[in-house]
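Accompanying notes for the structure given below.
Because the structure is predicted, anything quoted here is derived from the model rather than measured. For the numbers below, each heavy atom of this structure counts, side chains included, while hydrogens, waters and symmetry mates do not.
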Amino acid sequence: MPRPTAVRADAVLIQAVIAGALSFAHLHDLAAAAGQTGWKAWAYPISVDLLLVAAWHRLRSGAAKASAWCWFLVALVASLGANVATAGLLDLTDVPAWLRILVAGWPAVAFLGGTLLAHGTRTPPAGPETAAPTAKTEPTTTSTTPESSTAPVPDPAQPPTPTPVPVPPALVALAHKVADEHRTRTGTAIDTSTLRARLGVPMPLAEAIAAQLT
């Protein structure tokens, strides 16, 4: 029976939890000083931390690194700014107007960044190209003798027999009307070139139709 794995305390993880808690508290204090009271003051550090996590996840995935780095730096500046501002360099009882504007506009910035990071185009990492296996074909040689070969040898002096072009019955009926109209108007039979021009068909098809008119 395997022994249960003992939980080992990780100093780096403990340090990360402490740093995150302090940054969380600083963001809360700054938001409260800027007029965001109640639950809104607690929502600000959550939005900053979520934007940091979303940007870091996009960086780890290897897609859209420029956009991910941009939003990661935006969230990092917001977190560091709150840490510095609450370190005694800013009077939290008299927050300047520009800082109140930045704090009030942060939700829109965080929403835009989170949406772009979560629903942006993900480019899959380029992997090694795998070529499809091709079946090896071995050349087969067949020995044929003049006695066993039955294929006819084409005569180069005799032109090949043209393949008949299929003509739709409706097109033949239309050609009859065109030929009758031409004969009534000119008193002569319609030629193939004129028939082709009147019907708007290729010359082989016009020749096949003219053969059925005679």
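Summarising the geometry, atom NE2 belonging to His57 is positioned 10.0 Å from atom CG belonging to Leu117; distances are rounded to the nearest 0.5 Å. Rounded to the nearest 0.5 angstrom, Thr37 OG1 and Trp42 CH2 are separated by 13.0 Å. Taken from OH in Tyr44 to NE2 in His28, the straight-line distance is 12.0 Å, to the nearest 0.5 Å. The distance from the CD1 atom of Ile190 to the CZ atom of Arg196 is 11.5 Å, given to the nearest 0.5 Å.
Closest approach of Ala110 to Ser47, counting heavy atoms only: CB-CB, 4.3 Å. Closest heavy-atom contact between Met203 and Thr192: SD-CG2, 3.7 Å. Between Val95 and Arg100, the shortest heavy-atom distance links the atoms O-NE, 3.4 Å. Taking all atoms of both residues into account, the shortest heavy-atom contact from Ala41 to Gln36 is CB-O, 3.0 Å.
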- Task: Carefully, step by step, assess Phe24 and Ile46 under the rule side chain to side chain contact (heavy atoms under 4.5 Å, CB included).
- Result: CA-CA 8 Å; Phe24 192 93; Ile46 295 176; 3.6 Å; yes
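No continuous path of hydrophobic side-chain contacts links Val109 to Leu50 [ILVMFWY only; heavy atoms under 4.5 Å]. By the criterion of side-chain heavy atoms lying less than 4.5 angstrom apart, applied directly or through intervening Ile, Leu, Val, Met, Phe, Trp or Tyr residues, Trp98 is grouped together with Trp106 in one hydrophobic cluster. Put simply, Leu116 and Val48 are part of the same group of oily side chains (I, L, V, M, F, W, Y) that touch within less than 4.5 Å, one to the next.
The side chain to side chain donor-acceptor pair (under 3.5 Å) check on Arg198 picks up Glu181, with sequence neighbours excluded.
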Mind listing the side-chain donor-acceptor pairs of residues 70-89 below 3.5 Å, one per line with the distance, residues two or more places apart or on another chain?
| residue | atom | partner | partner atom | Å |
| --- | --- | --- | --- | --- |
| Ser79 | OG | Ser23 | OG | 2.7 |
| Asn83 | OD1 | His26 | ND1 | 2.8 |
| Asn83 | ND2 | Ser79 | O | 3.3 |
| Thr86 | OG1 | Ala82 | O | 2.7 |
| Thr86 | OG1 | Asn83 | O | 3.4 |

